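Written out below as structure tokens is the structure these notes cover.
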Amino acid sequence: VTEHQSVRAFLRFLEESGDLLRVSALVDPVYELGAYLWETATGPAVLFERVAGHKLAAFGNLLNSRGRIARALGTEVGALHLLASGAIDRRCPPVLVGEGPCTEVVLEPPSWAGLPVPRFFAGETGSYVTAGVIVAKGRTGKRNVSFARLKILDDQAAFIGIAPTHHLAGLAREAAAAREPLEVAVTIGNHPAVLLAAAYYLSLGDDEFEVAGALLGEPLELVRCATVSLEVPAHAEIVAEGLLYPWNQAEEGPVSEFSGLFQDYGRGPVVTVRCITMRQGALFQVILPGYAAEHVHIGAVAIAAGLEWRLRKLVPAVAEVAVTAGGCGRLHAVVALHRPERGDADRVIREALTCVGLIKRVTVVDDDIDIHNPVSVEWALATRMKADRDLLVLPGMISARADPLAAGGRVAKLGINATRRSGDRADWTVAAPPPAILRQVRAALRAGQFPVSKGATEPTRGDRAGAAAEDTTPGVPIAWWT
Ligand SMILES: Cc1cc2nc3c(=O)[nH]c(=O)nc-3n(C[C@H](O)[C@H](O)[C@H](O)COP(=O)(O)O)c2cc1C
């Protein structure tokens with residue numbers, strides 16, 4: 001059994017690199033723990049050593065930036081999109097092992113009260129498990145792995161909030177039709193590869209654990225559950241096994257969505273827990289919900305990975321896809337094209353706006369633009385987009401219920417083509433010093449012979465990996481503005 005598939009290995013790495021804040025004060029799970037995560041939302045990961053009323057420690061803000069996600073997967077931030085989109089083709093089946101740390105301790109009696117489940121925001125009606133990766137299987141035996149929040153109702157029962165378009169909701173409907181409860185396992189405290197994989201939009205029946213294996217670079221180790229016919233990551237910190245009763249419904253009340261706004265989705269199914277196992281000294285993971293960096297970034301990286309994989313199959317010029325933080329990590333995408341052909345941008349726009357319900361704005365740019373920098377993207381709009389030619393508004397498109405403006409499941413969508421068109425200008429060269437002099441000055445700056453001003457040693461787009469390397473222009477000097 002290999003310890004590096006445990007989130008503890010990454011927490012240790014963060015601590016050694018000074019990127020973990022230990023809070024040793026007694027912290028109240030009601031509002032206080034969430035307020036700590038709120039205040040440090042873009043900072044270090046946080047380990048709460050003492051949670052009032054509980055034996056278990058808790059941690060949060062684990063994957064709150066693209067850089068942190070890249071580090072967790074052992075790659076550079078610039079290469080993250082290739083690792084994440086490539087994982088769909090490199091899927092690696094999991095392997096069943098005899099035993100794993102997640103079964104070391106059995107919580108008796110099995111009760112949600114044994115876990116330090118926080119209450120987050122004024123305006124919500126209960127405490128939520130937010131980092132629960134739910135494992136379930138359809139009647140054909142195909143596995144689904146996804147996030148869904150659980151609001152604790154009592155010692156055994158929890159409301160589970162699942163968007164009707166999610167595969168888990170489909171499995172619940174299947175179970176309802178057969179008049180049988182759906183077996184589920186809620187796994188908490190997973191390796192970042194599992195967390196990211198759970199947020200991918202794959203086809204129904206595709207196993208997210210295979211994507212987790214591709215992200216890990218080896219098969220994910222699973223163990224059998226005790227009371228349900230499911231397998232779970234052997235290195236999860238905590239596993240709660242239970243039954244989802246589709247006909248046993250509870251009212252949720254207002255809940256914070258990724259937009260930061262409250263949604264009230266009405267009634268939804270209840271999960272009853274039957275068995276809880278955990279590691280010795282288990283760590284309870286918390287993902288701050290609402291418009292918070294970690295909630296936003298995990299979804300953004302996973303959705304962008306799926307989009308990039310799909311769009312590149314349609315248009316080989318697709319260099320990279322970003323789902324932006326300003327667009328809540330769900331609603332807005334930016335696509336970079338390498339030397340697009342006529343019609344490529346339009347095909348990308350139409351496909352992106354239909355294949356992921358949530359995506360309602362797509363901006364297409366050339367790959368000299370840094371799609372992760374909103375200033376760079378706006379510069380492309382300012383210099384390359386004509387509003388009477390390059391905007392496509394698609395009214396009444398199918399959306400997702402979490403979109404803050406969706407009405408009857410529909411919303412208007414926008415495509416923006418901000419790529420250079422040859423007829424628009426005779427010369428697209430960006431003013432810059434001669435490349436040879438620039439290289440020489442950069443080398444001198446790096447060698448410390450001159451005082452370095454902010455941004456001066458940042459590589460511009462012209463230096464970035466891949467497509468732009470062969471360009472003769474030094475690239476768009478947007479780094480000055482960040
Ligand atoms: C941190 C995080 C929390 C999430 N919470 C929920 C949730 O409570 N309910 C929900 O329906 N989707 C939630 N999602 C989105 C789904 O997990 C995600 O869309 C997943 O891909 C759906 O699985 P499926 O493709 O198998 O249907 C969350 C995503 C993230 C990254």
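Quick note: residue numbers are just sequence positions, from 1. Remember, predicted model here, so these are calculated numbers, not experimental data. Numbering of ligands and ligand atoms starts at 1, following listing order.
Inclusion of Y200 in the set of residues having an N or O under 3.5 Å from an N or O of ligand 1 is warranted. Residue-to-ligand polar distances place R149 within reach of ligand 1: an N/O pair is separated by less than 3.5 Å. Residue H167 has at least one nitrogen or oxygen atom sitting less than 3.5 Å from a nitrogen or oxygen atom of ligand 1, judged on distance alone. Note: no N/O pair closer than 3.5 Å links I287 and ligand 1 by distance alone. Between I298 and ligand 1, not a single N/O pair is under 3.5 Å apart. Close N/O approach between H295 and ligand 1 is not found [any backbone or side-chain N/O within under 3.5 Å].
A salt bridge is defined here as a Lys NZ or Arg NE, NH1 or NH2 lying under 4.0 Å from an Asp or Glu carboxylate O, and K413 with D403 fails to meet this definition. Here R22 pairs with E49 in a salt bridge; the nearest charged N to carboxylate O distance falls below 4.0 Å. Using a 4.0 Å cut-off between charged side-chain N and carboxylate O, E351 and R310 make a salt bridge.
Residue E252 forms a side chain to side chain donor-acceptor pair (under 3.5 Å) with just one option from R149, K151, R267, and that option is R149. Screening T187, I188, V232 for a side-chain contact (heavy atoms from CB on, under 4.5 Å) involving V133 leaves a single residue, T187.
Close contacts between ligand 1 and N144 involve ligand atoms 26 (O) [criterion: under 4.0 Å to a heavy atom]. Within the listing of ligand 1, atoms 21 (O), 31 (C) sit less than 4.0 angstrom from a heavy atom of A199. The G299 neighbourhood of ligand 1 comprises atoms 31 (C), with distances under 4.0 Å to a heavy atom of that residue. If you number the atoms of ligand 1 from 1 as listed, the ones under 4.0 Å from a heavy atom of G161 come out as 7 (C), 8 (O), 9 (N), 10 (C), 11 (O). Close approach of ligand 1 to I162 (heavy-atom distance below 4.0 Å) involves ligand atoms 11 (O).
Heavy-atom minimum distance, T42 versus A293: CG2-CB, 3.9 Å.
If you check which protein heavy atom lies closest to atom 23 (O) of ligand 1, you get S146 CB, 3.2 Å. Residue, atom and distance of the protein heavy atom nearest to atom 15 (C) of ligand 1 are H166 CE1, 3.6 Å.
Looking at E208 against ligand 1, only its side chain comes within 4.0 Å, counting heavy atoms. Contacts between P289 and ligand 1, counted as non-hydrogen atom pairs separated by less than 4.0 Å, are absent for every part of the residue.
The heavy atom nearest to atom 30 (C) of ligand 1, out of those in F147, Y265, F258, is found in F147.
Between Y200 and V145, every side-chain heavy-atom pair lies at or beyond the 4.5 Å cut-off.
With hydrogens and angles disregarded, no donor-acceptor distance shorter than 3.5 Å links the side chain of K137 to the backbone of L230. Using modelled atom types, one side-chain atom of R91 and one backbone atom of I88 make a donor-acceptor pair closer than 3.5 Å.
At a 4.0 Å cut-off, at least one heavy atom of A198 sits close enough to ligand 1 to count as contact.
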When you look at H235 and E221, which way does the side chain to side chain contact (heavy atoms under 4.5 Å, CB included) test go after all the steps? CA-CA 8 Å; H235 296 271; E221 295 180 345; 3.2 Å; yes
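For the 3.5 Å distance criterion, the side chains of S17 and R71 fail to qualify, holding no donor opposite an acceptor.
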